[in-house]
Amino acid sequence: MLRLAVYWYIQAISRSGGLEGALVLGQVALELLGSACCVELNPIVSAGGFARLPASDRIRLLLSFAKIPLRLPVELKTLCDVACANDWADGPEAIVAIRNAVVHRTATKIKLLSDVSGRARYDAWLLTIHYIELCILHLIRYNGPVANRISAQMLGQVESVPWMRGDVAS
(Lines give C-alpha, C1' and ligand atoms only; values in the text may rest on other atoms or scores of the structure.)
Protein backbone atom coordinates (compact mmCIF):
# COMPACT_ATOMS: atom_id res chain seq x y z
CA MET A 1 0.00 0.00 0.00
CA LEU A 2 2.85 2.41 0.83
CA ARG A 3 4.49 1.72 -2.54
CA LEU A 4 1.24 2.59 -4.33
CA ALA A 5 0.72 5.73 -2.21
CA VAL A 6 4.26 6.86 -3.07
CA TYR A 7 3.52 6.25 -6.75
CA TRP A 8 0.42 8.49 -6.55
CA TYR A 9 2.43 11.06 -4.58
CA ILE A 10 5.02 11.18 -7.36
CA GLN A 11 2.26 11.62 -9.94
CA ALA A 12 0.66 14.38 -7.83
CA ILE A 13 3.89 16.27 -7.16
CA SER A 14 4.76 16.20 -10.86
CA ARG A 15 1.26 17.55 -11.58
CA SER A 16 0.28 14.75 -13.91
CA GLY A 17 -3.01 15.77 -15.45
CA GLY A 18 -2.42 19.43 -14.62
CA LEU A 19 -3.13 21.01 -11.27
CA GLU A 20 -6.66 19.63 -11.03
CA GLY A 21 -5.47 16.12 -11.91
CA ALA A 22 -2.72 16.41 -9.32
CA LEU A 23 -5.35 17.25 -6.67
CA VAL A 24 -7.27 14.11 -7.57
CA LEU A 25 -4.11 11.95 -7.48
CA GLY A 26 -3.02 13.51 -4.20
CA GLN A 27 -6.32 12.66 -2.56
CA VAL A 28 -5.92 9.08 -3.80
CA ALA A 29 -2.52 8.94 -2.08
CA LEU A 30 -3.95 10.34 1.16
CA GLU A 31 -6.79 7.84 1.21
CA LEU A 32 -4.39 4.94 0.53
CA LEU A 33 -2.16 6.13 3.37
CA GLY A 34 -5.23 6.42 5.58
CA SER A 35 -6.21 2.85 4.84
CA ALA A 36 -2.65 1.64 5.41
CA CYS A 37 -2.25 3.48 8.71
CA CYS A 38 -5.73 3.24 10.22
CA VAL A 39 -6.98 -0.12 8.90
CA GLU A 40 -4.01 -2.35 8.11
CA LEU A 41 -1.10 -1.37 10.37
CA ASN A 42 -3.04 0.08 13.33
CA PRO A 43 -6.60 -1.25 13.14
CA ILE A 44 -8.42 1.82 14.47
CA VAL A 45 -11.38 1.17 12.18
CA SER A 46 -12.48 -1.76 10.03
CA ALA A 47 -11.98 -1.70 6.27
CA GLY A 48 -15.73 -1.39 5.80
CA GLY A 49 -15.99 1.38 8.36
CA PHE A 50 -13.15 3.28 6.72
CA ALA A 51 -14.75 2.89 3.27
CA ARG A 52 -18.06 4.29 4.59
CA LEU A 53 -16.45 7.43 5.99
CA PRO A 54 -16.69 10.59 3.89
CA ALA A 55 -13.37 11.30 2.16
CA SER A 56 -12.67 14.32 4.37
CA ASP A 57 -13.13 12.15 7.48
CA ARG A 58 -10.77 9.49 6.09
CA ILE A 59 -8.13 12.17 5.68
CA ARG A 60 -8.90 13.64 9.13
CA LEU A 61 -8.51 10.20 10.68
CA LEU A 62 -5.14 9.75 8.98
CA LEU A 63 -3.88 13.19 9.98
CA SER A 64 -5.11 12.81 13.55
CA PHE A 65 -3.43 9.42 13.80
CA ALA A 66 -0.17 10.97 12.52
CA LYS A 67 -0.53 13.99 14.85
CA ILE A 68 -0.65 16.43 11.94
CA PRO A 69 -2.71 19.59 12.46
CA LEU A 70 -5.99 19.69 10.53
CA ARG A 71 -6.32 23.46 10.45
CA LEU A 72 -5.57 25.36 7.28
CA PRO A 73 -2.13 26.97 7.46
CA VAL A 74 -2.48 30.77 7.60
CA GLU A 75 0.24 31.01 4.93
CA LEU A 76 -2.31 29.66 2.42
CA LYS A 77 -4.33 32.87 2.62
CA THR A 78 -6.25 32.44 -0.63
CA LEU A 79 -7.36 28.94 0.32
CA CYS A 80 -8.23 30.15 3.83
CA ASP A 81 -10.43 32.89 2.34
CA VAL A 82 -12.23 30.40 0.08
CA ALA A 83 -12.66 27.98 2.98
CA CYS A 84 -14.15 30.72 5.13
CA ALA A 85 -16.54 31.79 2.36
CA ASN A 86 -17.71 28.17 1.93
CA ASP A 87 -17.76 27.21 5.63
CA TRP A 88 -15.10 24.53 5.19
CA ALA A 89 -13.90 23.47 8.62
CA ASP A 90 -10.28 22.53 7.90
CA GLY A 91 -7.66 21.41 5.41
CA PRO A 92 -9.17 18.00 4.64
CA GLU A 93 -12.56 19.53 3.90
CA ALA A 94 -11.03 22.16 1.61
CA ILE A 95 -9.02 19.58 -0.34
CA VAL A 96 -11.98 17.24 -0.76
CA ALA A 97 -14.42 20.02 -1.70
CA ILE A 98 -12.15 21.31 -4.46
CA ARG A 99 -11.33 17.80 -5.65
CA ASN A 100 -15.04 16.93 -5.73
CA ALA A 101 -15.74 20.05 -7.77
CA VAL A 102 -13.17 18.82 -10.30
CA VAL A 103 -14.50 15.24 -10.47
CA HIS A 104 -18.26 15.51 -9.91
CA ARG A 105 -19.55 17.94 -12.51
CA THR A 106 -22.90 19.03 -11.05
CA ALA A 107 -24.11 22.59 -11.59
CA THR A 108 -23.25 23.51 -8.00
CA LYS A 109 -19.75 22.05 -8.23
CA ILE A 110 -19.11 23.65 -11.62
CA LYS A 111 -20.01 27.02 -10.09
CA LEU A 112 -17.79 26.34 -7.07
CA LEU A 113 -14.84 25.45 -9.30
CA SER A 114 -15.37 28.56 -11.42
CA ASP A 115 -15.43 30.65 -8.22
CA VAL A 116 -12.24 29.09 -6.83
CA SER A 117 -9.21 30.94 -8.20
CA GLY A 118 -6.20 29.23 -9.66
CA ARG A 119 -4.24 30.39 -6.59
CA ALA A 120 -6.70 28.66 -4.23
CA ARG A 121 -6.45 25.47 -6.30
CA TYR A 122 -2.66 25.72 -6.14
CA ASP A 123 -2.86 26.20 -2.35
CA ALA A 124 -5.07 23.09 -2.07
CA TRP A 125 -2.55 21.11 -4.13
CA LEU A 126 0.33 22.40 -1.99
CA LEU A 127 -1.52 21.42 1.20
CA THR A 128 -2.24 17.97 -0.23
CA ILE A 129 1.43 17.40 -1.04
CA HIS A 130 2.43 18.68 2.40
CA TYR A 131 0.03 16.25 4.09
CA ILE A 132 1.28 13.30 2.01
CA GLU A 133 4.92 14.06 2.79
CA LEU A 134 4.26 14.34 6.52
CA CYS A 135 2.16 11.15 6.54
CA ILE A 136 4.89 9.17 4.80
CA LEU A 137 7.48 10.52 7.23
CA HIS A 138 5.26 9.56 10.16
CA LEU A 139 4.69 6.11 8.72
CA ILE A 140 8.44 5.46 8.48
CA ARG A 141 8.90 6.88 12.02
CA TYR A 142 11.02 9.83 10.95
CA ASN A 143 11.56 12.30 13.79
CA GLY A 144 14.16 14.68 12.38
CA PRO A 145 13.92 18.15 10.86
CA VAL A 146 11.92 18.83 7.70
CA ALA A 147 11.58 21.65 5.24
CA ASN A 148 7.99 22.86 5.36
CA ARG A 149 7.02 23.61 1.75
CA ILE A 150 4.18 25.84 3.00
CA SER A 151 5.87 28.05 5.59
CA ALA A 152 9.58 28.00 4.69
CA GLN A 153 10.76 31.52 3.91
CA MET A 154 14.21 30.60 2.63
CA LEU A 155 16.18 27.66 1.29
CA GLY A 156 17.48 25.45 4.06
CA GLN A 157 14.91 26.52 6.65
CA VAL A 158 13.73 23.49 8.62
CA GLU A 159 11.46 22.70 11.53
CA SER A 160 10.55 19.71 13.65
CA VAL A 161 7.88 17.35 12.41
CA PRO A 162 4.49 18.12 14.03
CA TRP A 163 4.42 14.95 16.15
CA MET A 164 7.70 15.99 17.78
CA ARG A 165 6.49 19.57 18.42
CA GLY A 166 3.40 18.31 20.18
CA ASP A 167 1.04 20.11 17.79
CA VAL A 168 -2.54 19.08 18.35
CA ALA A 169 -4.35 17.68 15.32
CA SER A 170 -6.91 20.45 15.12
Side-chain angles (χ1 to χ4, degrees), residues 1-2 5-6 8-9 12-13 19 22-46 49-103 109 112 116-117 119-152 158-170:
M1 184 97 41
L2 178 58
V6 169
W8 290 121
Y9 162 73
I13 201 165
L19 189 57
L23 274 168
V24 173
L25 299 173
Q27 185 175 325
V28 169
L30 285 170
E31 291 189 44
L32 279 169
L33 288 167
S35 180
C37 289
C38 302
V39 175
E40 294 175 18
L41 300 174
N42 305 287
I44 296 170
V45 65
S46 68
F50 187 81
R52 284 188 294 276
L53 288 172
S56 57
D57 285 343
R58 286 184 224 144
I59 296 169
R60 281 186 194 102
L61 184 62
L62 167 66
L63 298 179
S64 296
F65 169 78
K67 299 179 180 77
I68 298 167
L70 303 175
R71 68 186 171 277
L72 280 165
V74 295
E75 295 88 353
L76 301 178
K77 181 166 178 9
T78 307
L79 183 59
C80 287
D81 291 345
V82 171
C84 185
N86 287 283
D87 294 322
W88 298 335
D90 53 21
E93 189 170 356
I95 290 168
V96 170
I98 294 173
R99 178 263 181 204
N100 285 349
V102 169
V103 174
K109 289 184 170 49
L112 171 67
V116 173
S117 70
R119 179 61 206 206
R121 293 180 208 183
Y122 176 82
D123 284 355
W125 169 80
L126 192 62
L127 183 59
T128 302
I129 295 301
H130 177 68
Y131 283 161
I132 296 168
E133 290 168 346
L134 289 175
C135 289
I136 290 170
L137 291 173
H138 186 272
L139 191 59
I140 65 169
R141 294 184 171 88
Y142 179 80
N143 293 322
V146 294
N148 182 331
R149 68 174 54 249
I150 293 173
S151 65
V158 295
E159 64 186 34
S160 298
V161 290
W163 50 95
M164 295 304 290
R165 292 192 306 259
D167 287 358
V168 178
S170 60

Minimum-distance pair of heavy atoms, taken over all atoms of [X] and [Y]:
X	Y	answer
P69	P162	CD-CB, 3.8 Å
I98	A124	CD1-CB, 3.8 Å
Y131	P92	OH-CD, 3.8 Å
L79	A120	CD1-O, 3.9 Å
L62	L30	CD2-O, 3.4 Å
I132	G26	CD1-O, 3.6 Å

Would you say [X] and [Y] make side-chain contact, with heavy atoms under 4.5 Å?
X	Y	result
S151	E159	yes
W163	N143	yes
L33	Y9	no
L139	L41	yes
W88	L72	no
R58	V96	no

Inter-residue atom distance [X].[atom1] - [Y].[atom2], 0.5 Å rounding:
X	Y	atom1	atom2	value
D123	T78	CG	OG1	5.0 Å
R60	L53	CZ	CG	10.5 Å
L126	I150	CG	CD1	5.0 Å
D57	E93	CG	CD	9.0 Å
N148	H130	CG	NE2	4.5 Å
D81	R119	CG	CZ	11.5 Å

**Request:** Quick one: do E133 and I13 satisfy side chain to side chain contact (heavy atoms under 4.5 Å, CB included)? Show the steps, please.
**Result:** CA-CA 10 Å; E133 290 168 346; I13 201 165; 3.9 Å; yes
